[in-house]
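Quick note: residue numbers are just sequence positions, from 1.
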Amino acid sequence: MKKIFLLIAIVLGLLATKVNAQQRQTKYGNNVRVYHNRSNTQASPVRFGIRAGGNLAQWEGETMNSAQDLLDVTDGSVKKQMREGFHIGGYVTIPVIQGFEIEPGLQYSQKGTKLTGKVPIEAVDFLNTNVTITNKAEYIDLPVLARVYVGEGFNIFAGPQVSYLVSNKVKAEAGALGFNALNKEWNMNSGFRQVDVAVTGGLGYRFTNGFNVSAGYDYGLSTVDANGSFDTYNRVVKASLGYTF
């Protein structure tokens, strides 16, 4: 986890250095200093920010629909659920024209899916048996968003996103009478696609003090498995709180 956050910090730091150098070159190029009349409307400067929030992730597609048909046969004993997780990272806001910005970002994001169930035998209902299988996929997301402001602070954003799978684990839990009988986790990177392509979009609001809130949705375009044999894709609902410096 620490290595992931360090990687995000290094990439954002390098990007900040490059942007600042380009701004200085533009302002002082050819040893001619350019002065602006303060009465003229000036474009906002490039700004940096941090963002974090919660995820609700699941897999969707024809394969998962077929699996749901099988789960329905269990009469509710087994259910598909969304995996709870979080995301955290940073972004750069690049103004293009008034009311329109380009926002590349870099963040760590937890995705995957979850199945929960119980033993469908009435005679052992008193044991309160339960089983949970969770796919714990962890990605580094690189979204490039186009953000359009439609009012004072309100904005709509959308754009492509490329994600790199850094870890993929499966966790199995089972218990009865409130006691854990099984709690095991193992790596499962083989067969899973390392690079995931998606489109993302949503709504946001930025306050004048730099704080911002947003709600978005990641719609995966690449199958979760590397060979594309299973028609299954990542879907993620996100709620975020950020700050633009």
Side-chain angles (χ1 to χ4, degrees), residues 1-12 14-15 49-68 80-92 102-115 133-147 156-171 185-204 214-240 242:
M1 184 72 71
K2 291 181 179 179
K3 292 181 179 179
I4 293 174
F5 292 156
L6 179 60
L7 173 63
I8 292 175
I10 291 174
V11 172
L12 290 175
L14 292 174
L15 184 58
I50 55 176
R51 179 175 291 127
N55 289 0
L56 287 175
Q58 64 179 351
W59 291 347
E60 285 190 357
E62 292 183 8
T63 301
M64 293 306 295
N65 292 337
S66 299
Q68 186 62 55
K80 184 179 71 170
Q81 294 187 350
M82 303 183 83
R83 183 213 171 182
E84 303 89 351
F86 71 92
H87 61 273
I88 184 170
Y91 57 89
V92 180
I102 298 297
E103 186 183 283
L106 182 69
Q107 63 186 17
Y108 163 82
S109 185
Q110 295 181 330
K111 307 177 187 180
T113 193
K114 181 188 291 187
L115 289 176
I133 305 295
T134 307
N135 173 252
K136 302 171 63 176
E138 302 178 357
Y139 288 83
I140 294 294
D141 292 340
L142 292 93
V144 179
L145 304 178
R147 192 177 294 272
I156 302 172
F157 61 88
Q161 177 175 276
V162 177
S163 303
Y164 181 76
L165 181 65
V166 295
S167 175
N168 191 64
K169 297 179 180 180
V170 173
K171 184 175 183 179
E185 185 174 279
W186 61 91
N187 293 320
M188 190 174 284
N189 290 321
S190 177
F192 283 81
R193 189 182 300 275
Q194 284 197 314
V195 178
D196 184 62
V197 178
V199 292
T200 182
L203 303 173
S214 62
Y217 186 72
D218 293 354
Y219 187 89
L221 301 176
S222 303
T223 57
V224 173
D225 66 300
N227 297 323
S229 302
F230 303 97
D231 189 16
T232 303
Y233 306 86
N234 280 314
R235 303 285 191 262
V236 187
V237 177
K238 299 184 294 189
S240 309

| Residues forming a side-chain contact (heavy atoms from CB on, under 4.5 Å) with Tyr164, sequence neighbours excluded | Val166, Gln194, Val195

Evaluate the side-chain proximity of [Y] to [X]: yes if any heavy-atom separation is below 4.5 Å, no if none is.
X: Ser167; Y: Lys169; answer: yes
X: Val170; Y: Thr134; answer: no
X: Leu106; Y: Ile140; answer: yes
X: Arg147; Y: Ile156; answer: no
X: Glu138; Y: Tyr108; answer: yes

| Phe157 and Ser214: CA distance, side-chain angles, deciding distance, side-chain contact (heavy atoms from CB on, under 4.5 Å) verdict | CA-CA 9 Å; Phe157 61 88; Ser214 62; 4.0 Å; yes

| query | Are side-chain N/O atoms of Asp218 and Thr200 paired as donor and acceptor at under 3.5 Å? | reply | yes

| field | Quiz item: cation-pi between Arg235 and Tyr217, 6.0 Å / 45° | value |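 Checked: cation-pi criterion not met.
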
| Heavy atoms of other groups near Phe192 CZ, more than 12 under 6.0 Å | yes

[X] side chain to [Y] main-chain N or O, any donor-acceptor pair under 3.5 Å?
X: Gln110; Y: Phe86; result: yes
X: Thr232; Y: Thr223; result: no
X: Arg193; Y: Asn227; result: no
X: Asn189; Y: Asn168; result: yes

| Pair Met82-Val237, side-chain contact (heavy atoms from CB on, under 4.5 Å): steps then yes or no | CA-CA 10 Å; Met82 303 183 83; Val237 177; 4.2 Å; yes

Ignoring hydrogens, what is the shortest heavy-atom contact between [X] and [Y]? Give both atom names and the distance.
X: Asp196; Y: Ser222; result: OD1-O, 3.3 Å
X: Asp225; Y: Phe230; result: OD1-O, 2.9 Å
X: Asn55; Y: Ser109; result: ND2-OG, 2.9 Å
X: Asn234; Y: Gly112; result: OD1-N, 4.4 Å
X: Lys111; Y: Tyr139; result: CD-CD1, 3.6 Å

Euclidean distance, [Y] [atom2] relative to [X] [atom1], rounded to 0.5 Å:
X: Ile133; Y: Lys171; atom1: CD1; atom2: NZ; answer: 11.0 Å
X: Gln58; Y: Leu115; atom1: CD; atom2: CG; answer: 11.0 Å
X: Gln161; Y: Tyr219; atom1: CD; atom2: OH; answer: 14.5 Å

| task | For the pair Glu185 and Lys136, evaluate salt bridge (charged side-chain N to carboxylate O under 4.0 Å, His left out) and give the outcome as yes or no after the intermediate values. | result | CA-CA 10 Å; Glu185 185 174 279; Lys136 302 171 63 176; 2.7 Å; yes

| field | Sequence-distant partners of Ser240, side chain to side chain donor-acceptor pair (under 3.5 Å), two or more places apart | value |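 For Ser240, the residues satisfying side chain to side chain donor-acceptor pair (under 3.5 Å) (neighbours in sequence not counted) are His87.
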
| Partners passing side chain to side chain donor-acceptor pair (under 3.5 Å) against Arg83 (at least two apart in sequence or in another chain) | none

| task | Considering only NZ, NE, NH1 and NH2 on the basic side and carboxylate oxygens on the acidic side, decide whether Arg51 and Glu103 come within less than 4.0 Å. | result |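 Glu103 and Arg51: salt-bridged.
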
| task | Using the side chain to side chain donor-acceptor pair (under 3.5 Å) rule, take Ser163 and Asp141 through it: C-alpha gap first, then chi angles, then the decisive distance, then the call. | result | CA-CA 4 Å; Ser163 303; Asp141 292 340; 2.5 Å; yes

